[in-house]
Amino acid sequence: MKKLVLMGMCAVLCFQMTACSGAAAKETQKKEEAMALLGDDLKSGELVIDGKKYSFPDGVSEWTGDGWHISNRYDNTDTFELEYNVETNVFEMFNDEKSSEYVSMCAINLGMEPKKIEESTVSYLEVDLSNAKDALYVVLPGGITCDSTKEDVKNAYGEPDEEDDDYFQYLYTNADGLDIEIQIDFVENVHRVIYALADSNWGAVTNAEECAEFINAALETSFYGEFDTYVEKNFDTLEGAQELYDSEVEYYAEGLMYYLDIDYETVDEEIADGFREVAAAVLAKFKWDAPVVDLMEGVSFGSFELTMYPTDFLDIIIEDAQAVADSGIDGDEYAQGMLDAIRPKVDEISYREPITKTYDLDLNNGVISQDDWENIDDVLMDLSE
C-alpha cells in the first residue's frame with residue numbers, strides 16, 4: 001500500500017515538473033520571439049506587447065489599427081479635435097482581445113491643422129510589466145522583462161541619467177530631433193516603463209516672465225517672420241515657425257481679397273501672390289506693447305493684458321478701392337486693379353486708438369487658447385467687429 005502511494009506521489013511530482021518545464025519553455029519561446037523583433041538599444045523607443053512591436057513616439061492610429069480602443073474618458077473621440085501642439089489628458093487604451101488589460105496614454109497634435117486623437121501622436125505611454133496570469137506580456141530592448149533586476153537594466157542600457165531608489169530615467173534625442181524621457185520603475189524587479197516627450201521640446205513656460213517672453217516671441221513670429229527667439233527657446237521648430245508666419249500672411253491676404261469682393265479661390269495665382277506681398281508688408285507694421293502677465297509663482301492659471309495698435313489700412317484704401325469697383329471691370333482685371341490701387345497705400349499706414357484686452361493663461365493646455373490667438377489676430381488686423 002505504501003508502495004502504491006509512493007508511486008502516486010512520484011506521478012504527481014513528475015506531472016508538476018513536466019507542467020513547470022512546459023510553462024518555462026513557453027515563456028522562453030515568447031521572450032525569444034519578442035527579442036527577434038527588437039534590438040538592444042533602449043533609445044529605439046521600441047517595445048513588444050503580446051508579440052506585437054510598438055514604437056514611441058508613434059501615431060495613435062498604430063494602436064487603434066491593431067485592436068486597441070480609446071477609453072470612455074473621451075466619449076466624443078469621433079468628433080473631438082486637438083489644436084496644434086495641444087496635448088490630451090491621460091486616457092486608457094484598452095486591448096480588445098484582453099478587455100481587462102490596458103496601457104495609459106496621452107496624445108498630442110504636432111500638425112498645424114486640428115486633428116482627432118486617433119490622428120495624433122502618442123506623447124506619453126505608461127505600461128505595467130507583470131507576470132500575473134492575465135497580464136500583458138511586455139519585453140523591452142535587450143530582453144528586459146518583469147523578471148529583470150536593476151542590475152539587469154544597467155547591464156542592458158548602461159548607467160541611467162537620473163536614478164532613485166524606485167526608478168531609473170534615461171534621456172536622449174531621437175532621429176526626428178525630439179527629446180525623449182524613458183523611466184523604468186521598480187518594485188524589487190522591473191514594474192513599469194514610461195515613455196514621454198520631454199517638456200524641452202516646446203520650451204519652458206512656467207512663470208510670468210517666461211509667459212511674457214513666449215507671447216511676444218509668438219507675435220513676432222506670426223507677424224514679422226522673426227523666428228530667432230521662438231525657435232531658440234524651443235517654442236517650435238523652424239519649420240513650424242515658418243508655417244505659422246505663412247498661415248498669418250495667407251489669412252490676411254484672403255481677408256483683404258474678401259473685403260475687396262475678390263474670389264480668392266479662383267483668382268489668378270500671380271495676383272494672389274501680389275496680395276500676399278501686400279499682406280506681409282501690412283503685418284510688418286503691426287504694433288503692440290509688451291504683455292503684462294498676472295501669474296502667481298507655482299500656479300498654472302492666470303491672465304495677461306495686451307495693448308494692441310490696429311492699423312488703419314482698411315480705411316485708407318477704401319476710396320481708391322471704390323474707384324476700381326465703380327470702373328465696371330471684372331474678373332482678374334478687377335482683382336489686378338484692386339491690387340494696383342492698394343499696394344502704394346502700405347506706406348501711408350498709421351494707427352487707430354490702442355485696444356487693451358485681457359486673456360486667460362493655462363500652462364497645462366497650450367498656454368493660450370486658439371480662440372484668444374484668433375481674437376488677437378483680428379484686433380491687430382482690424383477685422384474684429
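Using a 4.0 Å cut-off between charged nitrogen and carboxylate oxygen, Glu119 and Lys116 do not count as a salt-bridge pair. Looking at Lys357 and Asp372, no side-chain N of the basic residue comes within less than 4.0 Å of a carboxylate O on the acidic one, giving no salt bridge.
Two residues are said to be in side-chain contact when any heavy atoms from C-beta on lie closer than 4.5 Å; Thr307 and Trp288 fail this criterion. Counting heavy atoms from C-beta outward, Asp40 and Pro141 have side chains that stay 4.5 Å or more apart.
Across Met338, Gln336, Met257, a single residue satisfies side-chain contact (heavy atoms from CB on, under 4.5 Å) together with Ile271, and that is Gln336. Tyr251 pairs in a side-chain hydrogen bond (donor to acceptor under 3.5 Å, both in side chains) with only one of the listed residues (Asp377, Asp246, Asp378), which is Asp378.
Within the 3.5 Å criterion, the main-chain N or O of Tyr167 finds no donor-acceptor partner in the side chain of Asp164. A donor-acceptor contact shorter than 3.5 Å is absent between the side chain of Asn95 and the backbone of Tyr102. A side-chain donor-acceptor contact under 3.5 Å links Glu210 to the backbone of Thr206. Checking side-chain atoms of Lys115 against main-chain N and O of Glu81 turns up no donor-acceptor pair under 3.5 Å.
Using cut-offs of 30° and 60° on the angle between ring planes, the pair His69 and Phe94 is parallel. Classification of the Trp63-Tyr54 ring pair by plane angle, with boundaries at 30° and 60°, yields parallel.
More than 12 heavy atoms of other shown residues, nucleotides or ligands fall within 6.0 angstrom of atom CG in Asp315. Annotation: Glu209, atom CD; neighbour count of heavy atoms from other residues, nucleotides and ligands within 6.0 Å does not exceed 12. By the 6.0 Å contact criterion, NZ on Lys150 is enclosed, its count of non-hydrogen atoms from other residues, nucleotides or ligands being greater than 12.
For the residue pair Glu254 / Tyr252, no side-chain donor-acceptor distance below 3.5 Å is found, with atom types taken as modelled. A side-chain donor-acceptor contact under 3.5 Å links Thr266 and Asp263. Side chain to side chain, Thr173 and Asp179 meet the donor-acceptor criterion of an N or O pair below 3.5 Å. Under 3.5 Å, the side chains of Asp41 and Ser44 contain no donor-acceptor pair of N or O atoms. The closest side-chain donor-acceptor pair between Tyr309 and Asp289 falls under 3.5 angstrom. Donor-acceptor pairing under 3.5 Å is recorded for the side chains of Ser350 and Asp312.
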- request: Start with the C-alpha gap between Ser123 and Leu110, add the side-chain angles, then the distance that decides, and say whether side-chain contact (heavy atoms from CB on, under 4.5 Å) holds.
  value: CA-CA 10 Å; Ser123 59; Leu110 297 178; over 6 Å; no
side-chain contact (heavy atoms from CB on, under 4.5 Å) assessment of Phe313 paired with Val278: CA-CA 11 Å; Phe313 187 63; Val278 170; 4.0 Å; yes
message: Pair Arg343, Glu277 - check salt bridge (Lys or Arg N to Asp or Glu O under 4.0 Å), show working.
response: CA-CA 9 Å; Arg343 200 194 300 266; Glu277 291 172 6; 3.5 Å; yes
- request: Apply the test side-chain contact (heavy atoms from CB on, under 4.5 Å) to residues Phe223 and Val249: give CA-CA distance (whole Å), side-chain angles for both, the deciding distance (0.1 Å), then the verdict.
  value: CA-CA 8 Å; Phe223 304 126; Val249 171; over 6 Å; no
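Rounding to the nearest 0.5 Å gives a distance of 13.5 Å between CG of Asn207 and CE of Met296. For the atom pair CD1 of Ile368 and CD of Glu374, the computed distance is 13.0 Å after rounding to the nearest 0.5 Å. If you take CD on Glu118 and OG1 on Thr64, they are separated by 3.0 Å, rounding to the nearest 0.5 Å. The line from CD of Gln183 to CG of Leu171 is 10.0 Å long, rounded to the nearest 0.5 Å. Rounded to the nearest 0.5 angstrom, Asp360 CG and Asp371 CG are separated by 11.0 Å. The line from CG of Leu283 to CG of Leu219 is 11.0 Å long, rounded to the nearest 0.5 Å.
The salt bridge (charged side-chain N to carboxylate O under 4.0 Å, His left out) check on Glu269 picks up Arg276, with sequence neighbours excluded. Residues that satisfy the salt bridge (charged side-chain N to carboxylate O under 4.0 Å, His left out) test with Asp128, not counting sequence neighbours, are Arg192. Taking the salt bridge (charged side-chain N to carboxylate O under 4.0 Å, His left out) definition, one finds that Glu159 meets it with Lys154, sequence neighbours left out.
Judged by a 6.0 Å distance limit and a 45° cone about the ring axis, Lys287 is positioned over the six-membered ring of Tyr351.
Residue pairs meeting the side-chain hydrogen bond (donor to acceptor under 3.5 Å, both in side chains) criterion with at least one member in residues 218-233, sequence neighbours excluded: Asn216-Glu220.
The other residues sharing a hydrophobic cluster with Leu38 are Met35, Leu37, Val48, Tyr137, Val139, where clustering joins ILVMFWY side chains under 4.5 Å apart.
Closest heavy-atom contact between Thr88 and Cys106: OG1-CA, 3.5 Å. Between Ile70 and Met93, the shortest heavy-atom distance links the atoms N-SD, 3.7 Å. Taking every heavy atom of both residues into account, Thr145 and Val190 meet most closely at O-CB, 3.5 Å. Taking every heavy atom of both residues into account, Ala325 and Tyr334 meet most closely at CA-CE1, 3.9 Å. Closest approach of Ser104 to Glu92, counting heavy atoms only: OG-OE2, 4.0 Å. Taking each heavy atom of Leu361 and Ser303 in turn, the nearest pair found is CD1-O, 3.5 Å.
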Per-pair distances, 0.1 Å, donor-acceptor, side chain in residues 129-136, under 3.5 Å, sequence neighbours excluded:
from: Ser130; atom 1: OG; to: Ala132; atom 2: N; distance (Å): 3.0

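Aromatic pair Tyr264/Tyr258: centroids not less than 6.0 angstrom apart.
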